[in-house]
Asks: 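Would you mind keeping the following structure in view while I ask a few things?
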Amino acid sequence: MLEVRELSVTYGAVSALRSVSFRAQEGEITAVLGANGAGKTTLLRAISGLAKPKSGSVHFDGRELLGNSVEDIARRGVAHVPEGRGIIEELTVEDNLHVATLWCTPRGRRQAAIEATFELFPRLSGFRHRHASTLSGGERQMLVLGRALITRPRLLLLDEPSLGLAPLVIAQLMTLLVDQTSGSDMTVVLVEQNARSALSVARRAIVLNLGQVVADDLAPTLAVNTELRRHYLGF
């Protein structure tokens, strides 16, 4: 599904990514782990077209993504949920979802897609006519995820979805990701500071340190690697 080869990104004299390579398989969650400043966010931005790599390639479904606009990459089925829970606060919850359907869902199917999203996040259904600015952090994260999933992406890039959330909400979000990928053709690349949670739901994982891949293996294997956890994952 997704193959990143020798990807390098620089910001001036700073090397954010240095020859990063990995694969994310269809229907699986691949976790990207590492400390702050390791290059995790830059990696997602490069895949979605928000950052311009110095070298390397990103193949999605057999086609090169690099060199395409952000809009074209999105139309190929790539949804990027950046850190920060960006929503349109002036709009209602339902209108936030409606906006997401405009470019990807035929007019006659938009309301059905919105209702299906409310079924996925029943807590949001009761807030559908409230302004998004009134939502809690966990509710905002549900809305952001719902807005991404309503586009029916083939590749979902998630940047720190658990940041600042209560443990119960984190568990609910991780369970949702497993449910959404199980038996589907959607691939998830999950950037997480909460390595324990990410490894519990991921099939594979890579660990970045100073812009380089220092580990790439099955998630359960990395989870029991005591030395790796101590040096790079903090648990």
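For the numbers below, each heavy atom of this structure counts, side chains included, while hydrogens, waters and symmetry mates do not.
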Asks: Under the side-chain contact (heavy atoms from CB on, under 4.5 Å) test, which residues partner E71, sequence neighbours left out?
Replies: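 Listed in chain order: S69, R75.
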Asks: Quick check for you: to the nearest 0.5 Å, what is the distance between L222 atom CG and L228 atom CG?
Replies: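 So the CG of L222 and the CG of L228 are separated by 6.0 Å.
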Asks: How long is the gap from CD1 on I206 to CG on D217, to the nearest 0.5 Å?
Replies: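 One gets 12.0 Å once the value is rounded to the nearest 0.5 Å.
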Asks: Tell me whether S8 contacts the main-chain N or O of S19 through its side chain, where contact means a donor paired with an acceptor under 3.5 Å.
Replies: yes
Asks: Donor-acceptor check, side chain of S184 to backbone of M186, threshold 3.5 angstrom: yes or no?
Replies: yes
Asks: Tell me whether R154 is salt-bridged to E26, with the criterion being a basic N under 4.0 Å from an acidic carboxylate O.
Replies: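 The answer is yes: the pair qualifies as a salt bridge.
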Asks: Take T134 and R130 through the side-chain hydrogen bond (donor to acceptor under 3.5 Å, both in side chains) test and state the conclusion after the steps.
Replies: CA-CA 7 Å; T134 66; R130 286 173 51 176; 3.2 Å; yes
Asks: Please tell me whether M142 and V93 are part of a single hydrophobic cluster in this structure, the criterion being side-chain heavy atoms less than 4.5 Å apart.
Replies: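 Looking at the clustering, V93 is in the same group as M142.
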Asks: Taking all non-hydrogen atoms of both residues into account, name the closest pair between P220 and R203 and its distance.
Replies: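 Minimum heavy-atom contact is CD-O, 4.1 Å.
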Asks: What's the spacing between I170 CD1 and T175 OG1 if we round to 0.5 Å?
Replies: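 Going from the CD1 atom of I170 to the OG1 atom of T175 covers 11.5 Å.
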Asks: Once rounded to the nearest 0.5 Å, what's the spacing between atom OG1 of T41 and atom CD of E160?
Replies: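 It comes to 6.5 Å.
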Asks: Would you check if the side chain of R140 reaches a backbone N or O of S133 as a donor-acceptor pair within less than 3.5 Å?
Replies: yes
Asks: Looking at R107, I'd like to know if its CZ atom is crowded, meaning that more than 12 non-hydrogen atoms belonging to other residues, nucleotides or ligands lie closer than 6.0 Å.
Replies: no
Asks: Given L208 and L33, is the side-chain contact (heavy atoms from CB on, under 4.5 Å) satisfied, shown in steps?
Replies: CA-CA 6 Å; L208 295 180; L33 310 174; over 6 Å; no
Asks: Contact between L165 and Q141 at the side-chain level, heavy atoms closer than 4.5 Å - yes or no?
Replies: yes
Asks: Is there a side-chain contact between F121 and L176 (heavy atoms, below 4.5 Å)?
Replies: yes
Asks: Going by distance alone, is a donor N or O of one side chain under 3.5 Å from an acceptor N or O of the other, for S136 and E139?
Replies: yes
Asks: OG1/T101 to CZ/R109 distance, rounded to the nearest 0.5 angstrom?
Replies: 12.5 Å
Asks: Identify the heavy atoms of P161 and L173 that sit nearest to each other, and give their distance.
Replies: O-CD1, 3.9 Å
Asks: Exactly one of T187, L149, T181 should register a side chain to side chain contact (heavy atoms under 4.5 Å, CB included) with L156. Which one does?
Replies: L149
Asks: Can you give me the closest heavy-atom contact between M174 and S162, atom names plus distance?
Replies: CE-CB, 4.5 Å
Asks: Can you find a pair of side-chain heavy atoms, one from T92 and one from R128, that are under 4.5 Å apart?
Replies: no
Asks: Side-chain contact test, heavy atoms from C-beta onward, threshold under 4.5 Å: evaluate it for K54 versus V9 and give yes or no.
Replies: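 Of all side-chain heavy-atom pairs linking V9 with K54, none is under 4.5 Å.
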Asks: About how many Å separate CD1 of I73 and CD1 of I47, when rounded to the nearest 0.5 Å?
Replies: 9.5 Å
Asks: Is there a donor-acceptor pair under 3.5 Å between the side chain of D95 and the backbone N or O of H98?
Replies: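 Here the side-chain-to-backbone pair does not exist.
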Asks: Please name all residues satisfying side-chain hydrogen bond (donor to acceptor under 3.5 Å, both in side chains) with N209, sequence neighbours left out, ordered by chain then number.
Replies: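 Residues passing side-chain hydrogen bond (donor to acceptor under 3.5 Å, both in side chains) with N209: none at all.
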Asks: Please tell me if the side chains of Y232 and V214 come closer than 4.5 Å, counting only heavy atoms from C-beta onward.
Replies: yes
Asks: List the atom of L233, the atom of G34, and the distance in Å for their closest heavy-atom pair.
Replies: CD2-N, 4.4 Å
Asks: How far apart are the closest heavy atoms of E192 and K40, and which atoms are they?
Replies: O-CE, 4.2 Å
Asks: If the test is side chain to side chain contact (heavy atoms under 4.5 Å, CB included), which one of L143, T117, L97 qualifies with L124?
Replies: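 The passing option is L143.
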Asks: Please enumerate all residues that pass side-chain contact (heavy atoms from CB on, under 4.5 Å) together with S182, with sequence neighbours excluded.
Replies: none
Asks: Backbone N or O of E90 within a donor-acceptor pair of the H131 side chain at under 3.5 Å?
Replies: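 Indeed, once roles are kept as given, a pair shorter than 3.5 Å links the two residues.
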Asks: L120 and I29: same hydrophobic cluster, using ILVMFWY side-chain contacts below 4.5 Å?
Replies: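 Same cluster.
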Asks: Consider side chain to side chain donor-acceptor pair (under 3.5 Å). Of H59, R23, Q25, which one does E3 pass it with?
Replies: R23
Asks: Strictly below 4.0 Å, N to O, side chains only: are R204 and D216 in salt-bridge contact?
Replies: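 Looking at R204 and D216, the cut-off is met.
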Asks: Quick one: does Q111's side chain get under 4.5 Å of E94's, heavy atoms only?
Replies: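 Heavy-atom side-chain distance check passes, below 4.5 Å.
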Asks: Taking atom CZ of R229 as the centre, report whether more than 12 heavy atoms of other residues, nucleotides or ligands fall under 6.0 Å from it.
Replies: yes
Asks: Main chain of S197, side chain of S200: is a donor-acceptor contact present, judged purely on distance under 3.5 Å?
Replies: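 Indeed, once roles are kept as given, a pair shorter than 3.5 Å links the two residues.
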Asks: Looking at A219 and A202, what are the two nearest heavy atoms and their distance?
Replies: CB-O, 3.2 Å
Asks: Can you check whether R76 reaches N68 side chain to side chain, under 4.5 Å on heavy atoms?
Replies: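 They are in side-chain contact.
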Asks: Report yes if the side chains of V70 and L50 come closer than 4.5 Å at any heavy-atom pair, otherwise no.
Replies: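 Yes, side chains in contact.
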Asks: More than 12 heavy atoms of other residues, nucleotides or ligands under 6.0 Å from CD of E64: yes or no?
Replies: yes
Asks: Verify the cluster assignment for L43 and V207: are they in a single hydrophobic cluster under the rule of side-chain heavy atoms below 4.5 Å apart?
Replies: no
